[in-house]
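Okay, so here's the structure we're looking at.
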Amino acid sequence: MKEIKNDERLNMLNHSCAHLLAHAVKHLYKDAKFWVGPVIDDGFYYDIDLGDITLNEEDLPKIEKEMKKISKSNKLIKRIELSKEEALDMFKDDEYKIDLISRMDEDNTIISAYQQEDFIDLCRGPHVSSTKEIKYFKLLKVSGAYWKGDANNKILQRIYGVCFESEEDLNEYMNFLEEAKKRDHKKLGKELGLFMISEYGPGFPFFLNNGMILRNQLENFWYEEHTKEGYEFIKTPIMLNKDLWELSGHWYNYRENMYTSEIDDKTFAVKPMNCPGGMLVYKNSLHSYKDLPLRVGELGQVHRHEASGALNGLFRVRTFTQDDAHIFMREDQIESEVVRLINFIDRIYSVFGLTYSIELSTRPEEKYIGDIEIWNKSEKALEDACIASGHECKINPGDGAFYGPKLDFHIKDSLGRVWQCGTIQLDMNLPERFDLTYIDSDGSKKRPVMLHRVIYGSIERFIGILIEHYAGAFPLWLSPNQVNIIPVNNEYHLEYATEIKELLKKNNIRVTLDNRNEKLSYKMRESVVKKIPYTLILGDKERDNNTISYRIYGSDKTITLSIDEFINMLTDEIRNKKRKEN
């Protein structure tokens, strides 16, 4: 999949197409007013005020038709530079543009706008030179969006679209969207019995039996691998006193996203992050320089208030479990520990067939704690460690956490989509705020440096990503149901099928037996719909020869083996976490 936002030509095309959309909307809806129309990772959108008119998907072809008409007319696109005073006069009847212009800092600022025939709008640009260059586009969907993202403001109508250089690229992208729709984790989560969302708890997912099997496999794998890496494990309370959150800085920097309650006339907050609890655990005992690095892991459930309009299956929820770890170390251990951690993350992602890139997010311009000197030192340490591990890292200015810079791991799934999951955050501030110390070799007290890190990011979101990455057809070790047994005829083959089921269960293989009085072809199709890795078909030949015949999901080929060979094959596939390429 092409990265639209980071491709200079595609970025310009999509920016220009956003204006083409607005131009067409203005022709069709004379009273339309426009907020902003930025390029995003997968195209563009425009936020529009249409008064009392509400658009739906059926209106998009009409707008597309008008866009094509304007495109064919080959209107020149001109850049116009205005003073702030001129811009305010030009858009004096448009409260949205007046708001944008008024918030520009300097009165002598040069403001740019782009005009094509009878349509003009503010924009930094650049744009293509003529509407004729904007040929291969598609409007994708329409939704509501609060003006400025504030729930107290009016809801505008947001139209999403995408534009490409060629018809071939556009068709390829539309095929990609169709494939992505088939892999939608919300749809597959329901069909495969993995999770549900109730109206009684928006943003609070319920994991069903199959989802719990999948989740437990991921958590067991997490514990096994972290044990190999020398981690110890803790569990911290889900609710703690407001004083702790003030000490950590969360109360002043994250209060609007926290849930609170009164206990014994004191304010408590449900934890939005696991870090402060980890600080208290460290302070609970004395530490020597010989103890460091100290690696402490926690699968900690957190709660964060997200806007209802942002909730999205398992991708954006209000409660989730972070696979957190806090690593306490000496300054001279920073580079080696981060290198080790990058290699560890690499090993975990490779099991799932996920490739990744790394981004270094630096100090935010506002809402940060600590001295700039410490921030600069921390940022350099992360960059040096990334290079030492043999990886490049892209700089993402101003996107660090409020307490420290971070390395973000952007994984790429089987469709080429990019997801931000793993994070390594270097923190020299919280150890200072919590007065964390260790006894150095000379007997003096020293301040440890700390790493916050996650690999999955959150269990919930990672499961959502894996559902779409594998299209619900999980590798054998993850699959909730690994084998489905179908007797050809219950009267003659059910007894043998039951024996095979019990034998597989004894070998810790998750198995079901379909003994319904349905046609064999129907039961075979259902096994495929449920994406079960192995389906056994047991008839006279298998019973008489003490063998099994199986089909692998995605294949029509039937293979016959002895039961011992089959069990050994599955046991090896599960133990080594083998995966079939998508």
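All of these numbers come straight from a predicted model, not from anything done at the bench.
N253 places a side-chain N or O within 3.5 Å of a backbone atom of G249 that can act as its donor or acceptor partner. Judged by distance alone, with hydrogens and angles left aside, the side-chain atoms of H493 form no donor-acceptor pair with the main-chain N or O of R543 at under 3.5 Å. No side-chain donor-acceptor contact under 3.5 Å links N257 to the backbone of R304. For the pair D413 (side chain) and L415 (backbone), a donor-acceptor distance under 3.5 Å is present. Formation of a donor-acceptor pair under 3.5 Å by the N216 side chain with backbone atoms of M212 is found in this model. Panel note: side chain R295, backbone Y231; no donor-acceptor pair is recorded below 3.5 Å. Between the side chain of H469 and the backbone N or O of S414, at least one donor-acceptor pair lies under 3.5 Å. A distance-only check finds no donor-acceptor pair linking the side chain of H452 to the backbone of M450 [under 3.5 Å]. Proximity of a side-chain donor or acceptor of T560 to a complementary backbone N or O of S549 within less than 3.5 Å is not detected. Between the D427 side chain and the L430 main chain, a donor and an acceptor come within less than 3.5 Å of each other.
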**Study point:** ring pair (Phe, Tyr, Trp, His ring centres under 6.0 Å) between Y254 and W245, worked out
**Key:** CA-CA 9 Å; Y254 208 72; W245 304 108; 9.6 Å; no
Practice item. Dump the intermediate steps for side chain to side chain contact (heavy atoms under 4.5 Å, CB included) on Y534 and I552, then the final yes or no. Key: CA-CA 5 Å; Y534 288 90; I552 298 174; 3.7 Å; yes
Review point. How far apart are the C-alpha atoms of F320 and V302, what are their side-chain angles, what is the distance that settles it, and do they pass the side chain to side chain contact (heavy atoms under 4.5 Å, CB included) test?
Key: CA-CA 6 Å; F320 52 94; V302 300; 3.4 Å; yes
**Study point:** salt bridge (charged side-chain N to carboxylate O under 4.0 Å, His left out) between D184 and K186, worked out
**Key:** CA-CA 5 Å; D184 185 340; K186 298 185 292 295; 3.4 Å; yes
Review point. Which is it for T267 and W251 under the side chain to side chain contact (heavy atoms under 4.5 Å, CB included) test, yes or no, and what are the steps along the way?
Key: CA-CA 11 Å; T267 300; W251 193 258; 4.0 Å; yes
Practice item. Applying side chain to side chain contact (heavy atoms under 4.5 Å, CB included), run through L194 and L188 and close with a yes or a no. Key: CA-CA 8 Å; L194 299 173; L188 289 174; 5.8 Å; no
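Classified by interplanar angle (parallel below 30°, tilted 30° to 60°, perpendicular above 60°), the ring pair F176/Y173 is tilted. Ring pair H185/F315 is tilted by interplanar angle, where 30° to 60° counts as tilted. Under the 30°/60° scheme for interplanar angles, the aromatic rings of Y356 and H391 are found to lie parallel. Taking the six-membered ring where tryptophan is involved, the planes of F474 and Y470 are perpendicular, since the angle between them exceeds 60° and thus also 30°. Using the six-membered ring where Trp is involved, H303 and F204 have ring planes that are tilted, between 30° and 60° apart.
Surrounding CG of N175 are more than 12 heavy atoms belonging to other residues, nucleotides or ligands, all under 6.0 Å away. In the displayed structure, Y259 atom OH is contacted under 6.0 Å by more than 12 heavy atoms of other residues, nucleotides or ligands. More than 12 heavy atoms of other residues, nucleotides or ligands sit less than 6.0 Å from atom CD1 of I263. The environment of K187 atom NZ is dense: over 12 non-hydrogen atoms of other residues, nucleotides or ligands sit within 6.0 angstrom. Heavy-atom neighbours of K577 NZ from other residues, nucleotides or ligands within 6.0 Å: above the threshold of 12. More than 12 non-hydrogen atoms from other residues, nucleotides or ligands lie less than 6.0 angstrom from CZ of F233.
Every side chain to side chain contact (heavy atoms under 4.5 Å, CB included) that V528 has, sequence neighbours left out, goes to Y553. Applying the side chain to side chain donor-acceptor pair (under 3.5 Å) criterion to R318, with sequence neighbours excluded, gives no partner residue. Residues satisfying the side chain to side chain contact (heavy atoms under 4.5 Å, CB included) test with K578, not counting sequence neighbours, are D572, E573, N576. Not counting sequence neighbours, the partners of L247 by the side chain to side chain contact (heavy atoms under 4.5 Å, CB included) test are F434. Judged as a side chain to side chain contact (heavy atoms under 4.5 Å, CB included), and not counting sequence neighbours, the contacts of N152 are D150.
No hydrogens or angles considered: a donor-acceptor pair under 3.5 Å links the side chains of N517 and N490. Counted by atom type alone, S562 and E565 present one or more donor-acceptor pairs between their side chains at under 3.5 Å.
A salt bridge does not link R453 with E337: every distance from a Lys NZ or Arg NE/NH1/NH2 to an Asp or Glu carboxylate oxygen is 4.0 Å or more. Using a 4.0 Å cut-off between charged nitrogen and carboxylate oxygen, E526 and K523 do not count as a salt-bridge pair. Between R215 and E460 there is a salt bridge, since at least one side-chain N of the basic residue sits less than 4.0 Å from a carboxylate O of the acidic one. Salt bridge status for K531 with E191: absent, with no side-chain N to carboxylate O gap under 4.0 Å.
Contact check for L451 versus I424: side-chain heavy atoms found under the 4.5 Å cut-off. Within the 4.5 Å cutoff, side-chain heavy atoms of C275 are placed close to those of H326. Using a 4.5 Å heavy-atom threshold, the side chains of L140 and M174 count as touching.
The OG1 atom of T236 sits 8.5 Å away from the CG atom of L280 when rounded to the nearest 0.5 Å. Here L570 contributes atom CG and W477 contributes atom CH2; the two are 15.5 Å apart, rounded to the nearest 0.5 Å.
Partner L299 forms a side-chain contact (heavy atoms from CB on, under 4.5 Å) with one of N274, T321, D324 and no other, that one being T321. Considering L494, L504, T535 in turn, L504 is the only one that fulfils the side-chain contact (heavy atoms from CB on, under 4.5 Å) rule with I485. Of the options R183, R417, R461, a salt bridge (Lys or Arg N to Asp or Glu O under 4.0 Å) to E468 is made by R417 and by none of the others.
The salt bridge (Lys or Arg N to Asp or Glu O under 4.0 Å) contacts involving residues 485-503 comprise nothing, where partners must be two or more places apart or lie in separate chains.
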